[in-house]
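Have a look at the structure below before the remarks.
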Amino acid sequence: MKGEPVVSAVDGPRQEKREPIVSAGLRPRGERRPSRWPLAIMVLAVLAALAVVPFLLLRPSLEGAALTRYQTATVSRATLTQRVGGAGVVVPRVERSVLASEAGVVASWSVAAGDEVAAGDVLARLQADSLHRELAAAESELASAQRRLQELDLQHAAEAAATADEATSLEAELTTLRADQRLAQELFDLGAASRSELDAAVAAVTATESRLRALSERAGREAQRRRLASEEAQAAVATALAAIETVEARISRLEVVSPVPGRVIEVRAPEGSAVSAGAVLAVVASTTDLSVRVDVREPQASRVVVGQPATVRVAGETYTGSVSWVAPQAHPGESGSMVAVAIDFEGSPPGLRLGGSVTAEIEVGRIEDAAYLPRGLFLATGGERYAFVVDGSAAHRRSVVFGIVDGDRVQVLDGLEVGEEVIVSSYEGIVDRTEVRLDPEGGPVAR
């Protein structure tokens, strides 16, 4: 019939879904669509059941989470010290390089790396043939200078003797001429001698006196010349002697000695090797004046300055000291970028071994009136992010922010108040709980 819906025949119980003839948009007004809200509510109920039921089944029971043995501590206030730590070694404060005084060949070593030496001990011997040639030349020059001085001495003595003889002769001649002059004067006064005879006698005396004065002047000039020549020859002898002393001193330094007492920590030039003047042959380090060199992580090193107090632990012993040097630049290390820091001991601790391993803590600041808890196992098993706060017969987990660690104390930055009691023993077995029951019979164990 026209206008009737068509119903498809089905075999058995199965029926084809009936399709509407009129589309949803063309349904007559007043015809109601089936509501989908019941279906949505049913789906949400199923999802809630799937989420809640496992939670209820798996939720830890407070009744089963009971602590019978635990340790507690009260949040307190104190001054906490901020420290920067690092590992390092014992190093010498005094370390001297032993240099070759001359170019030559290392003839022999008297010590080896690791040997203890005293100041002045012979470490090695060098061979320098050129120095022996210089010594021979200087000795030859000395012999020549000495011979020249001896020759001058003989020559000057002969010249001085000849001048003295000539002066003696002139003085004797002058004595005779003066006697002749007096006689001529007497004869002239008696009229027995003429004026010309007297004048001749006077002229002879005058001439001889002039010759004697000239001889004396010449003798003075020659004496000065001989003195200058003698001084020059003596200076040549002194120069030759000084040259010999210099070469001998250089030869003596071919024996290489230790400049300081300590330990030979390095030998750089093996026997038979040629070295230049000034080359480093070995390194000697003091074994009594020691320091510490530690590596500090670069971010922490920015807080380290010279003069800060430090604590050094060596072979189970604890020593005090202070920062004496901070490297201006970082270097790569096993744990990242590191900065070298030197720490000097207060006094000279006995028994320290050069190169021994150390750990050090440097005080870089203090926090006054800081809240803290004793450091305990809860930090390791609690992930350092929360703590169980005691509240009567139960303990509730609370998020906590921890700060610096000062020895056996850890700073509390946030999450706890001063005076609150906190479980500080191990959280093993309760790390997934938000609340635990405290057994009043077990009670806290003594700390």
Side-chain angles (χ1 to χ4, degrees), residues 88-146 235-295 324-329 331-332 340-345 348 352-356:
V89 295
V90 177
V91 298
R93 287 188 62 198
V94 178
E95 185 175 299
R96 298 286 292 276
S97 296
V98 181
L99 308 180
S101 60
E102 299 289 336
V105 175
V106 179
S108 62
W109 279 100
S110 304
V111 297
D115 288 351
E116 301 286 338
V117 295
D121 282 356
V122 176
L123 306 181
R125 289 175 174 80
L126 302 178
Q127 179 64 39
D129 295 337
S130 60
L131 285 182
H132 294 285
R133 290 192 293 269
E134 288 185 33
L135 179 60
E139 290 174 341
S140 176
E141 185 65 27
L142 175 62
S144 297
Q146 290 173 334
V237 171
T239 300
L241 285 171
I244 290 175
E245 291 178 358
T246 299
V247 176
E248 287 177 341
R250 292 171 63 188
I251 291 175
S252 68
R253 288 196 295 270
L254 292 177
E255 279 193 341
V256 181
V257 299
S258 176
V260 293
R263 179 180 301 163
V264 180
I265 61 174
E266 185 179 5
V267 172
R268 295 189 182 180
E271 292 184 0
S273 60
V275 295
S276 59
V280 178
L281 303 178
V283 179
V284 178
S286 171
T287 54
T288 56
D289 192 1
L290 301 177
S291 178
V292 168
R293 187 70 55 86
V294 297
D295 281 343
S324 60
W325 174 79
V326 180
Q329 61 186 22
H331 65 274
V341 176
I343 299 174
D344 288 348
F345 291 105
S348 299
L352 293 184
R353 186 180 298 276
L354 192 63

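Note that the structure is a prediction, hence the values are computed from the model and not measured.
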Can you find a pair of side-chain heavy atoms, one from [X] and one from [Y], that are under 4.5 Å apart?
{"X": "V264", "Y": "V283", "answer": "no"}
{"X": "V98", "Y": "P259", "answer": "yes"}
{"X": "I265", "Y": "V284", "answer": "no"}
{"X": "H331", "Y": "D295", "answer": "yes"}
{"X": "L281", "Y": "L123", "answer": "no"}
{"X": "L135", "Y": "I244", "answer": "yes"}
{"X": "V106", "Y": "L126", "answer": "yes"}

Which pairs count as salt bridge (charged side-chain N to carboxylate O under 4.0 Å, His left out) when at least one residue sits in residues 257-268, sequence neighbours excluded? E116-R263, E266-R268
Pairs touching residues 237-261 that satisfy salt bridge (charged side-chain N to carboxylate O under 4.0 Å, His left out), sequence neighbours left out: E102-R250, R125-E255, E134-R250
Please find the pair of heavy atoms, one from [X] and one from [Y], that lie closest to each other, and give the distance.
{"X": "A100", "Y": "S276", "value": "CB-O, 3.6 Å"}
{"X": "G278", "Y": "L99", "value": "O-CD2, 3.7 Å"}
{"X": "V267", "Y": "A112", "value": "CG2-C, 4.4 Å"}
{"X": "S258", "Y": "V117", "value": "OG-CG2, 3.6 Å"}

Kindly determine whether V105 and V275 satisfy side chain to side chain contact (heavy atoms under 4.5 Å, CB included), including the steps that lead there. CA-CA 6 Å; V105 175; V275 295; over 6 Å; no
Is the backbone N or O of [Y] less than 3.5 Å from a side-chain atom of [X], with the two atoms forming a donor-acceptor pair by type?
{"X": "E271", "Y": "W109", "result": "yes"}
{"X": "S140", "Y": "A137", "result": "no"}
{"X": "T246", "Y": "A242", "result": "yes"}
{"X": "S291", "Y": "I343", "result": "yes"}

Drop me the distance from [X]'s [atom1] to [Y]'s [atom2], to the nearest 0.5 angstrom.
{"X": "E141", "Y": "L241", "atom1": "CD", "atom2": "CG", "value": "11.0 Å"}
{"X": "L354", "Y": "L290", "atom1": "CG", "atom2": "CG", "value": "6.0 Å"}
{"X": "R93", "Y": "F345", "atom1": "CZ", "atom2": "CZ", "value": "11.0 Å"}

Trace of the side chain to side chain contact (heavy atoms under 4.5 Å, CB included) decision for R353 with V90: CA-CA 7 Å; R353 186 180 298 276; V90 177; over 6 Å; no
